[in-house]
Amino acid sequence: MIHTLIGDLGHLFVIISLVTALLAAFSYFKAAQKDDLAAEGWKSIGKMFFSFHAIAVLGIVVCLFYIIYGHYFEYHYAWSHSSRQLPTHYMISCFWEGQEGSFLLWMFWHAILGIIVIATNKFWESSVMTVFSLVQAFLASMILGVVIPGLELKLGSSPFILLRDAIDAPIFASQPDFVPKDGTGLNPLLQNYWMVIHPPTLFLGFALCTVPFAYCIGGLWKKRYRDWIRPALPWALVGGAILGLGILMGGYWAYETLNFGGYWNWDPVENAVYVPWLFLIAAIHTMITFRSSETALKASIVLVITTFVLLLYSTFLTRSGILGESSVHSFTDLGLSGQLLIYLLFFTIGAIWLTVIRWKYLPTSEKEASTYSREFWIFIGALVLCMMGFQVLIPTSIPVYNKIVEAFGVVSNLAPPAEQIQFYSKFQLWFAVAVALLSGVGQFFWWKKMDKSQLKNSLIIPVVITLITTMIIILVKNVADPSYIVLLLAGVFTVVANGKIFIDVFRKSPGLSGGAVTHIGVGMILIGIMFSAGYSKVVSLNRTGMLISKESSNEFNSENLLLFVNEPKEMAGYELKYKGERVESESPSMFIKKGDIENTAIPYLVTAKRDIEEDGETVFQKGDTIKIAPENTYYEIQYKDGNNNIFTLYPRAQVNESMGGLLASPDIKRGLGKDLYTHVSSIRSPNEKVEWSEMEEFKVAPDQNFFVNDYVTSINKVERIDQVDGLDLGPEDVAVRIDIIVQGEDDNYLAQPIFVIKDGLVGRISDEIVDLGIKLTVLNIHPDENQFSIGANTRQKNWVVLKAMEKPLINILWSGTLLLMIGFGIAINRRYKEFKKMREKGME
Amino acid sequence: MKASHIIGIVIIAVAIGIIIATAGDASSYVTFNEAQEMAENGNGNSIHVVGELTKDNSGEIIGIEPSPDKLSFSFVMVDDNQKQQRVYYNEPMPADFKRSEKVVVIGSYKDDLFIADKILMKCPSKYQEETVNAEI
């Protein structure tokens, strides 16, 4: 059965949303062109159309989610992004895994923000909503999925396309109504809670950046050159906070889930959000300057427009496939690059044109900014931020230059720098130093009228404290690299200087302390980045003198540890012990030994071989069915430090031959001073053929000990069973399961080989104790002697190769992030109150 | 001279500096032959080569040889000039490798082997299937 109704409904909503967005844009445009009284009619029509538009967007979202949630795999979107066993919260991630879904998410936020703008503004509604509705119309066209007949022009890519229309598979020729039983699932690396909340946060940040832009255009259009900044500022602040939070969440996800050992990779996709964010922060600074001193209006207009254009440019970069050869994210072209380019050019050219024709009317302050004025220093700060962004933008755009010169028939072979991290870091470090120094000094200018002698007086104490603190940190932490010392000095100075300002301001009026708190956060982030990235060190050093593998590089052999199951090893003051492979059960979430479960025909369902306990309580009883995530294997690593404190880490690995290899995720022991970051770098491949030793035979009675691989082993229980998977047992047939206990170093292990006599023939089903590398088989039963013949094969014990790194003071980075957000919160609150006051006076 | 002029000049200087530094640090896309020439001339810079994996007539990828411990592997790549070259990569095979339509290897020649420091892959779309099997 193919559910065509829901898809048709979704598609209908897409068309409605496009049409209503265009109608709303037109009505609001008309309203904005008229004077106040005559505008009311058009304004209410615009409001009506935008409301319909918002309902239609909600409709699209509901339809798409219904398809994913209902497992309607006849739809291409559900089939390629979801699967049956995916928990609900990851179904939400599937929603935006595809490009169509992420455009939809962006539209969704715009619809909500549009409604807030309508509800909170009086004067600005018409002009702002004209811009908003136009942006929405462009986004809606991205998911339209209509081919214009005759022109063969594809407009947008629909998320409601049926699988049989999207993919040309032979099965559809014979069975047009064929529906796959299951989808292909969500990228396992995205099955992480950060990936549930990180994309919506980023897209909310994107959407928020449209608001100041819309106000700016409205201000230029309606010739209210000064007035747009007040309502736009709180929005710009919220945008800066949310976009920044989104970026940092992405970094945190990378730190927690990917094993490149860091949080920032200077990948083009990361750069594409970082650059507009820097410009937005610069814009916020010039807007604040304007609010307090009527200067920097032109700079604010230019920066707000640039931020939005850069945002569209990053959308173009990441979604047009142009980065295909330079980014690991390997985004591809949905055939929308032409459309995206029109989108980009429309708003860029429109905004530049409007700015140019209004430029000469823009009010300027005649007075030359003195080098002792706060405006001057904030302006310099904003310029540094822009240069910082510019430096990232230029190399990231290399593929674009190639495309442009190719259009003129020239072949360009320019490629992005091969060592991205070193390349960007060496520049960004010095910009960061400048930003830190300026934000330290700038705050003093901000709060006091300065001249030469006053500046000296107010700076002397922070400078002395900074020097002493930095000196102590350098000595304690052994910072030796000169450029790191400069960065540390600048970071500490920002924290100290802004700390002093914070204490002064907080006493008088806590509501104004947002700037100081934010800048303290910036200083801490810089210090945290410097230590955690610059002084990250590998601690899993192989001091045994033995190679892990002859084929591997020297670096691999010296920086990794080979751990055999239950064999302790020393590392960086810890005693490490690998305790075996674990799987995670879904409910309750806990780690279960692979040896305690038995696979069933369905990969994600297993049965318990014995009672499974946690903290002394039985969670699963023998025979219970347990739901697990079969692709994930966790490696239990026990750490014991010098004081006999024990903790356990569970680094994760996914082996997926179809994806070509090993996907490892770290586990992190968080400490106040440093994080211990551990991931597996090589594992015993489960799909590889195992080399077993020759079988050794034991003839034993129950409760009689024998030795397998030096482990004390005994038969615990003999049980006749009625059912054996994969066998039809007749009334004459016999199946006996024998529980054999192997006493490991720390734990007992259970094996349950089965002996079957069916139709007079003997069958033997062996069982393996994975961790110890033992396979046991019941060879024969001797009822007269009450004895059993047990065969044992052994192989190399289970092992794992582990890499561990120390990330010093990374928590300063995360706490700085938190302060940054709190600071933004305080500032937003203050600016929103201002806006509300003005609105109550009927000014906005 | 006004302060704003000085700032303007400094900004332009920094911008030009950034562009020059970028051009200086930029790598380049070359073919295997050019890369080999560069290596023979003692130029050890990392460069990008774009190409595809070799496939047999039935579309199966051939020429991938993992090391016994799976910690590194080598494969045969055909560049845009149809030159076949064995590429060695000292890391486990990246996810998605076999599905990639296009591969970019970043590295340099060492004798007759191309040693890749990094591999970028262009996939139809991450984890997206190209065809449907009747069983699933």
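Lettering of chains follows the sequences in order, A, B, ..., and the numbering in each one begins at 1. None of these values were measured; they are calculated from a predicted model.
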Enquirer: Could you tell me which portion of B:I7 (side chain, backbone, both or neither) has an atom closer than 4.5 angstrom to a non-hydrogen atom of chain A?
Expert: side chain
Enquirer: NE2 of A:H76 to CZ of A:R164: how many Å apart, nearest 0.5 Å?
Expert: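 CZ of A:R164 is found 14.5 Å from NE2 of A:H76.
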Enquirer: Could you state the interatomic distance from CZ (B:F114) to OG (B:S108), rounded to the nearest 0.5 Å?
Expert: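 So the gap between those two atoms works out to 6.5 Å.
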Enquirer: Go through A:F379, A:F73, A:F427, A:F423 and name the one with the most non-hydrogen pairs under 4.5 angstrom from chain B.
Expert: A:F423
Enquirer: Please flag which part of A:I398 lies under 4.5 Å from any non-hydrogen atom of chain B: side chain, backbone, both or neither.
Expert: side chain
Enquirer: Classify the ring geometry of A:Y424 against A:W266: parallel below 30°, tilted from 30° to 60°, perpendicular beyond 60°.
Expert: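 The rings of A:Y424 and A:W266 lie parallel, inter-plane angle below 30°.
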Enquirer: Which atoms form the tightest heavy-atom contact between B:G107 and B:D117, and what is the distance?
Expert: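 Answer, listing the atom of B:G107 first, then B:D117: CA-OD2, 3.7 Å.
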